[in-house]
Amino acid sequence: MSRMQVNDREKTADRLLKSSAKNSYDPEVDIDWDAPLEAGKAFIPLHRSSLYGTELWERLTDEQRIELTKHEFASIASNGLWFEVLLMQMLLKEYYDADPRTGHAQYALTEIADECRHSTMFGKAVARVGAPAYGPVPLLKSGGRILPATLRGPSAYASILIAEEILDRIQRDQMWDENVQPLVRMVNRIHVLEEARHVTFAREEVVRRMADCGKAERAYHQFATAAVGYAICYSLINPHVYKAVGIRPRDGFEAAWQNPNWQNTLHWAGEKIMSFLDDAGLIGKPGEWLWKKACLLRD
Ligand SMILES: [Fe+2]
Ligand SMILES: [Fe+2]
């Protein structure tokens, strides 16, 4: 059984609905999409680039390093959008069976509405910086098609949380960084503010649903959560981004996954969510090797 306490479902929903009514953004009007990009500013902090510190990095000029961060930003944002499209489908599936009179069901719809605006915002941001919407590699994109139909219970909410909390840590770091493009900082600020509610919602659902699981079910959810966690980390940087600076995708991919700086970045991005998942009983032997491969867990 989980050692964690959780609030009453309707009380939480009521609080989140009130907060959403007070504090929501419309990227169409709250972001100045016509503002010029600032020359010489990176799109993600240089030390968070997947190649930072590698031999390939040393060979790049300052301009190429900034160019690479632009494409890495586009990959992270378009994958963030992909995660959102999947989680909207999962939430809508939950809503289908819910009582529409409850605050809980109404908050699920509110969250879907938030994610609709976020996906629009990420799409506009990628277009504005002038990079491709890389999204996930084809294998993961195909896998994503069956995910909303197959994931259920605590691992469905845990999967949502991993995507949200890893992105949250990356974006919080950037929104305060004055060396990062103002447009990126604004997009991240809006996202971080609205995602805080989603994190509360999903965390409580994980705890509630784990409390109802038997031993075999817990093992299943531990493995399913690890598999999704691995897919999320693996997808963040699409290897095609490296082509933008003349590096073969395979070479860039191999260098990134062997890069201790990138491994540390992934570990750091996952620290908060991993500690929660551990407390909630979702980290176990099944899937441990996947957590390690994703750099989220260390020996
Ligand atoms: Fe979002
Ligand atoms: Fe979210």
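Counting convention: from 1, in listed order, for ligands and their atoms alike. These numbers were taken from a predicted model, which means no experiment stands behind them.
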Between OE2 of E195 and OE2 of E115, what angle is found at the Fe ion (ligand 2), rounded to 10 degrees?
-> 100°

Just how far is it from atom CH2 of W33 to atom NZ of K124, taken to the nearest 0.5 Å?
-> 6.5 Å

Atom name of the N, O or S atom in H191 that lies nearest to the Fe ion (ligand 1) = NE2

Enclosure of R298 CZ (heavy-atom neighbours >12, cutoff 6.0 Å) | yes

Which is the closest N/O/S atom of E164 when seen from the Fe ion (ligand 2)?
-> OE2

Which atom, counting only N, O or S, brings H198 closest to the Fe ion (ligand 2)?
-> ND1

May I ask you to check if any N/O/S atom from E84 comes under 2.8 Å of the Fe ion (ligand 1)?
-> yes

Are any side-chain N or O atoms of Q263 and backbone N or O atoms of W257, one a donor and one an acceptor, separated by less than 3.5 Å?
-> yes

Salt-bridge contact K292-E288 (side-chain N to carboxylate O under 4.0 Å) | yes

The N/O/S atom of H118 lying closest to the Fe ion (ligand 1) is ND1

Knowing that exactly one of R65, H71, Q64 qualifies, which makes a side-chain hydrogen bond (donor to acceptor under 3.5 Å, both in side chains) with E67?
-> H71

